Colleague: 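Before I ask anything, here is the structure I am working with.
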Amino acid sequence: MTDMPAAPQHDHQTDANLSRVGPTIVGIGAQKCASTFIHAALGAHPDAAVSDPKELDFFSAYFDRGYQWYCSHFAHGADKPVRFEASPSYFYDPRCPDRLNAFDPTIKVVCLLRDPVARAYSNHLHEVIKGHIPPLPFHEGLANNPAYLEQGLYSRHLGRWLAALGRDRVLVMLAEEISADPVTAAQRVYRFAGLDDSHVSPVLHERRNESDRARLPTLRRALRAGGDQLRKAGFEDGLARLKSTSPVSALLRANSQNMRDVVPPLGDDDIARLHAYFADDLRQLPALLGRDSLPWESWRAVEH
């Protein structure tokens, strides 16, 4: 009788090593709620490293690739005390909280929210920018993509994350408040991540147009490739200063087309239907956040 090969021994130390070179903090979305800003803010901090690319979608779309594949995206920052990635798909995928906990039960999470009506319209613009649909009116885009609504059910999704991780491991921020005071927002993230919050980078003052597309895509790709090389070389702050100079900022503006000038705005009927759809979920949200109110038009519609 042929001897059976010995079963492989499970190496818990290997598991631990994999976790240690993975992220220490993860942005979970929601989509179109300033995750790019948080990624840039942490990328500019000298004691933090961010994944390349920004969105790995491991716990949602690529979980079958395994921990080693995931951790390989943080190898360049293994010597940094803080490592970060942001994948908005995690927020509304019900599998993700338990998967993240099983990978490393100490990872912290940053959750970003925004008026769900404004977020739904921005989601529509994003789909047009990506070329997934032509510049249709919102209601036609919604008929094609129910995720515009599903992603905006914040109480449902956030409640799942809070139940799995506990409140101490979850920082919730509002995109509108980040936009109003980006430096203070970055400092909150730094403190939550365990970083020195006195670091202030020019990156924090950059304007990020979340609803534009390039008039000349080849030019934008070339500029971004050059920018990525400067970031990898540790010149994030210098790149931000370069982009703010008159010739470069003029070039960037000239190559940018605001999609709000291309796609029809939300109509009154659209807004009324969205307010009605999100109302029940919104009523539950302040209690989850420990707030009395929310700085959103959709919340004011619920109050009245």
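All of these numbers come straight from a predicted model, not from anything done at the bench.
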Colleague: Can you check whether Ala44's main-chain N or O pairs, donor with acceptor, with His199's side chain at less than 3.5 Å?
Modeller: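 Indeed, once roles are kept as given, a pair shorter than 3.5 Å links the two residues.
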Colleague: From Glu177 CD over to Leu112 CG, what is the distance, rounded to the nearest 0.5 angstrom?
Modeller: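 Glu177 CD to Leu112 CG: 11.5 Å, rounded to 0.5 Å.
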Colleague: At what distance, to the nearest 0.5 angstrom, does CZ of Phe278 lie from CZ of Arg273?
Modeller: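 It comes to 12.5 Å.
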Colleague: How far does SG of Cys96 sit from CZ of Phe58, to the nearest 0.5 angstrom?
Modeller: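 Output value for this atom pair is 10.0 Å.
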Colleague: Using modelled atom types and a 3.5 Å cut-off, is there a donor and acceptor pairing between side-chain atoms of His73 and backbone atoms of Trp69?
Modeller: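 Yes.
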Colleague: Under the side chain to side chain contact (heavy atoms under 4.5 Å, CB included) criterion, do Leu158 and Cys111 qualify, and how do the steps go?
Modeller: CA-CA 8 Å; Leu158 178 59; Cys111 176; 4.2 Å; yes
Colleague: How close do Asp197 and Arg191 get, counting heavy atoms only, and between which atoms?
Modeller: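 Looks like OD2-NH1, 2.9 Å.
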Colleague: Give the minimum heavy-atom separation between Arg291 and Pro295, together with the two atoms involved.
Modeller: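 The pair with the smallest heavy-atom distance is NH2-CD, 3.8 Å.
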Colleague: Hey, does Leu289 have a side-chain heavy atom less than 4.5 Å from the side chain of Leu294?
Modeller: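 Answer yes - side chains close enough.
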Colleague: Under a plain distance cut-off of 3.5 Å, with no hydrogens placed, do Glu127 and Tyr148 share a side-chain donor-acceptor pair?
Modeller: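 Side-chain D/A pair, Tyr148 to Glu127: absent.
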Colleague: Taking C-beta and beyond as the side chain, do Glu140 and Ile133 meet within less than 4.5 Å on heavy atoms?
Modeller: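 No - every pair of side-chain heavy atoms lies 4.5 Å or more apart.
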Colleague: Taking all non-hydrogen atoms of both residues, which atom of Glu297 and which atom of Asp115 are closest, and how far apart?
Modeller: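 Answer, listing the atom of Glu297 first, then Asp115: N-OD2, 3.0 Å.
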Colleague: Could you check if a side-chain atom of Leu100 sits within less than 4.5 angstrom of a side-chain atom of Leu165, using non-hydrogen atoms only?
Modeller: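 Yes, at least one pair of side-chain atoms sits under 4.5 Å.
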Colleague: Check the surroundings of atom CG in Asp268: do more than 12 heavy atoms from other residues, nucleotides or ligands lie under 6.0 Å from it?
Modeller: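 Atom CG in Asp268 is not packed in, count stays at 12 or less.
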Colleague: Main chain of His126, side chain of Lys32: is a donor-acceptor contact present, judged purely on distance under 3.5 Å?
Modeller: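 No, the answer is negative, given that no donor and acceptor are paired below the 3.5 Å cut-off.
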Colleague: Using the rule given for side chain to side chain contact (heavy atoms under 4.5 Å, CB included), can you reason through Leu113 versus Phe91, listing the C-alpha separation, both sets of side-chain angles and the distance that settles it, and then say yes or no?
Modeller: CA-CA 10 Å; Leu113 305 178; Phe91 179 60; 4.0 Å; yes
Colleague: Regarding Lys80 and Thr24, do their side chains bring together a donor and an acceptor under 3.5 Å, going by distance alone?
Modeller: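 No.
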Colleague: Compare all side-chain heavy atoms of Asp196 with those of His45 and state whether any distance is below 4.5 angstrom.
Modeller: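 Yes. Closest side-chain heavy atoms under 4.5 Å.
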Colleague: Do you know the tightest heavy-atom contact between Val200 and Gln187?
Modeller: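 It is CG2-NE2, 4.3 Å.
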Colleague: Can you find a pair of side-chain heavy atoms, one from Ile38 and one from Ile178, that are under 4.5 Å apart?
Modeller: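 Yes - at least one pair of side-chain heavy atoms lies under 4.5 Å apart.
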Colleague: Would you check if the side chain of Arg169 reaches a backbone N or O of Val109 as a donor-acceptor pair within less than 3.5 Å?
Modeller: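 Such a contact is absent between Arg169 side chain and Val109 backbone.
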Colleague: How close do Ala30 and Arg119 get, counting heavy atoms only, and between which atoms?
Modeller: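 Answer, listing the atom of Ala30 first, then Arg119: CB-CD, 4.3 Å.
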Colleague: Find out whether Tyr190 and Leu42 are in side-chain contact, i.e. whether some heavy atom of one side chain is under 4.5 Å from a heavy atom of the other.
Modeller: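 In short, these two side chains touch, coming nearer than 4.5 Å.
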Colleague: Only one of Asp281, Leu285, Asp280, Leu282 passes side-chain contact (heavy atoms from CB on, under 4.5 Å) with Val302; say which it is.
Modeller: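 Exactly one pass, corresponding to Leu282.
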Colleague: Begin from the C-alpha positions of Leu136 and Asn144 and carry the test side chain to side chain contact (heavy atoms under 4.5 Å, CB included) through to its verdict.
Modeller: CA-CA 11 Å; Leu136 303 168; Asn144 172 67; over 6 Å; no
Colleague: Taking the side chain as every heavy atom from C-beta outward, state whether Leu174 and Trp296 have any pair of such atoms under 4.5 Å apart.
Modeller: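 Yes, side chains in contact.
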Colleague: Given side chains that start at C-beta, do those of Ile25 and Phe192 come closer than 4.5 Å, heavy atoms only?
Modeller: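 Heavy-atom side-chain distance check passes, below 4.5 Å.
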Colleague: Within this structure, what is the CG-OH distance for the pair Leu288 and Tyr154, rounded to the nearest 0.5 Å?
Modeller: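 Taking CG in Leu288 and OH in Tyr154, the distance rounds to 13.5 Å.
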Colleague: Do Ser51 side-chain atoms and Phe74 backbone N/O form a donor-acceptor pair below 3.5 Å?
Modeller: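 Answer holds: no.
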Colleague: Could you tell me whether a side-chain N or O of His76 sits under 3.5 Å from a main-chain N or O of Val50, the two making a donor and an acceptor?
Modeller: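 Yes: the side chain of His76 pairs with the backbone of Val50.
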Colleague: Looking at Asp79, I'd like to know if its CG atom is crowded, meaning that more than 12 non-hydrogen atoms belonging to other residues, nucleotides or ligands lie closer than 6.0 Å.
Modeller: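 Correct, the count exceeds 12.
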Colleague: Please say whether the positively charged group of Arg99, taken as NZ for Lys or CZ for Arg, lies over the ring of Phe63, i.e. under 6.0 angstrom from the six-membered ring centre and within 45 degrees of the axis.
Modeller: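 Verdict for Phe63: a cation-pi partner in Arg99.
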Colleague: What is the distance from atom CG of Leu149 to atom CG of Leu274, rounded to the nearest 0.5 Å?
Modeller: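 One finds 6.5 Å between CG of Leu149 and CG of Leu274.
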Colleague: Please round to the nearest 0.5 Å and tell me the distance separating atom CH2 of Trp161 and atom CG of Asp98.
Modeller: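 It comes to 9.0 Å.
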Colleague: Could you check whether any side-chain N or O of Arg114 sits under 3.5 Å from a backbone N or O of Ala175, counting only pairs where one atom can act as donor and the other as acceptor?
Modeller: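 No, because the side chain of Arg114 does not come within donor-acceptor range (under 3.5 Å) of the backbone of Ala175.
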Colleague: For the residue pair Ser87 and Leu56, what are the closest heavy atoms and their distance?
Modeller: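 It is OG-N, 3.0 Å.
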Colleague: Under 4.0 Å between a Lys/Arg side-chain N and an Asp/Glu carboxylate O for Arg300 and Glu303?
Modeller: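 Salt bridge flag = no for Glu303 with Arg300.
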Colleague: Just wondering, more than 12 heavy atoms not from Arg156 lying within 6.0 Å of its CZ?
Modeller: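 No, CZ of Arg156 has 12 or fewer neighbouring heavy atoms, counting only those of other groups under 6.0 Å.
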Colleague: So, does Asp270 use its side chain to make a donor-acceptor pair with the main chain of Phe138 at under 3.5 Å?
Modeller: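 Checking the backbone N and O of Phe138 against the side chain of Asp270, no donor-acceptor pair under 3.5 Å is found.
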Colleague: Which class fits the ring pair Phe84 and His39: parallel under 30°, tilted 30 to 60°, perpendicular over 60°?
Modeller: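 Aromatic pair Phe84/His39 classed tilted.
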Colleague: Judged by atom type as modelled, is there a donor-acceptor pair below 3.5 Å linking the side chain of His124 to the main-chain atoms of Asn145?
Modeller: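 It does not hold such a pair.
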Colleague: Does Gln151 reach the main-chain N or O of Tyr92 with its side chain, forming a donor-acceptor pair under 3.5 Å?
Modeller: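 No: the side chain of Gln151 does not pair with the backbone of Tyr92.
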Colleague: Does the pair Leu153 and Tyr277 meet the rule for a side chain to side chain contact (heavy atoms under 4.5 Å, CB included), with working shown?
Modeller: CA-CA 9 Å; Leu153 295 172; Tyr277 181 84; 3.7 Å; yes
